Protein chains: 2
Amino acid sequence: MQLKSQVEWALHCCSILAGLPPEGYLATRALAELHGVPKEYLSKALQALSNAGLITGTLGPSGGYRLARPTSDITFLDVVEAVEGSASTFVCTGIRDNNPCATRADIDDCDRGPCAIARVMWQADKAWRDSLRSVRLSDLRDSLERDIPADLWRRTGEWVLARA
Amino acid sequence: MQLKSQVEWALHCCSILAGLPPEGYLATRALAELHGVPKEYLSKALQALSNAGLITGTLGPSGGYRLARPTSDITFLDVVEAVEGSASTFVCTGIRDNNPCATRADIDDCDRGPCAIARVMWQADKAWRDSLRSVRLSDLRDSLERDIPADLWRRTGEWVLARA
DNA sequence: TCTAATACGGATATCCACTATCCTTATGGA
DNA sequence: TCCATAAGGATAGTGGATATCCGTATTAGA
């Protein structure tokens, strides 16, 4: 079980858009070049973010994307679910109903509550999502500013600004 | 991102094996019939559990599987990782190294520590695994005994016992 | 007004993991 | 000896992820 590569791309793109001046837009072309990923395919991830209302796009030359909300109002979970979907990682297919010992009444009775196994798996899924929800884009920017060499951080900011 | 169906099968099979008498073995055929899943394919999941040391198999007629450890010593995480693998759900491909602004020195410098985005994603992955690790097979048996109608619980126990 | 660059979405092709089945081998109980 | 079983290799089928291409509407700038 592995998240799509688009999740990684989307998170990196959001971290870049988070550094954009308020009125600027950054085009897919620039984001693709910055991360070394195919523009056409990255475009699909950005469209997913746009459909989820996390970023807004504008057409025409000098068009592109910007964040639709403050960085403190966008969480990792928002981005992950925009790309990956919000369906649980565990799907209960109800195989307990195939128990040859079970009568029709048993099945109807069991169906009133979710399977004990599913409950545990869904609880773990919730723990994962809760963890993702606890980190905002603003937190990420703080981490990046601490991690990335100051010189590279500055040059990248200028590179983005020149294309915004 | 979705867990394999074999994870669900493996968990249900373990819950059944947990009710086996100490010296009994239950064959793949019986487990497949009980859950209404293809025997040949379920066999792969059971082999994975066996390779992980969670269950032990024995050959010949009256052969089959039993738990290799006490139910209090097997967690959901053990079962999930046996089938699904223990690799993180998030893979950092290091696309930040493709930054055209980065020099060779920048890349070497960054490579000393993991990406800030990866850290967050791995922390969420850990929260998921911690949650799975906190529930044992013995807990699951307790939940099932509470959830499943007493009559069905008894009949299923007898069905298994007759084949162990 | 015209041109070019862009977002957006549909269509298509490729690749790979998951799903599923079949077959052979070794083992052990009757 | 015979048969049922675990174990594992080989081989498709299926569907989602990856990737590319194209057409359309929109808009900034010449």
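Residue numbers start from 1 in every chain, and the chains themselves are labelled A, B, ... in the order their sequence lines are given, proteins ahead of strands. In this text the structure is predicted, and so the values were computed from the model without any measurement. Atoms considered below: every heavy atom in the structure, side chains included; atoms not considered: hydrogens, waters and symmetry mates.
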Just compare D/dA7, D/dA10, C/dG9 and give me whichever is closest to any side-chain atom of B/Y65. D/dA7
In whole angstrom, give the distance that lies between atom [atom1] of [X] and atom [atom2] of [N].
X: A/K44; N: D/dC21; atom1: NZ; atom2: P; value: 13 Å
X: B/R29; N: D/dA7; atom1: CZ; atom2: P; value: 16 Å
X: A/Q47; N: C/dA11; atom1: CD; atom2: C1'; value: 14 Å

In terms of the nearest nucleotide of DNA chain C, which residue is placed more toward the 5' end: A/S43 or A/P61?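 Nearest-nucleotide comparison on DNA chain C picks A/P61.
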Taking only Lys NZ, Arg NE, NH1 and NH2, and the carboxylate oxygens of Asp or Glu, determine whether [X] and [Y] approach each other closer than 4.0 Å.
X: A/R141; Y: A/E145; result: no
X: A/R155; Y: B/D106; result: yes
X: B/R29; Y: B/E33; result: no

Looking only at heavy atoms, which two atoms of B/S88 and B/R129 are closest? And how far apart? CA-NH1, 4.2 Å
At a cut-off of 3.5 Å, list every protein nitrogen or oxygen paired with a nitrogen or oxygen from nucleotides 14-18 of chain D, distance to 0.1 Å.
from   : atom 1 : to    : atom 2 : distance (Å)
D/dT18 : OP1    : A/S5  : N      : 3.0
D/dT18 : OP1    : A/S5  : OG     : 3.1
D/dT18 : OP2    : A/Y41 : OH     : 3.1
D/dT18 : O5'    : A/Y41 : OH     : 3.3

Between the side chains of B/T89 and A/Q2, does any donor sit under 3.5 Å from an acceptor?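 Looking only at side-chain atoms, A/Q2 and B/T89 do not form any donor-acceptor pair under 3.5 Å.
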Given 3.5 Å as the limit, does a donor-acceptor pair link the side chain of A/D125 with the main chain of A/M121, or not? no
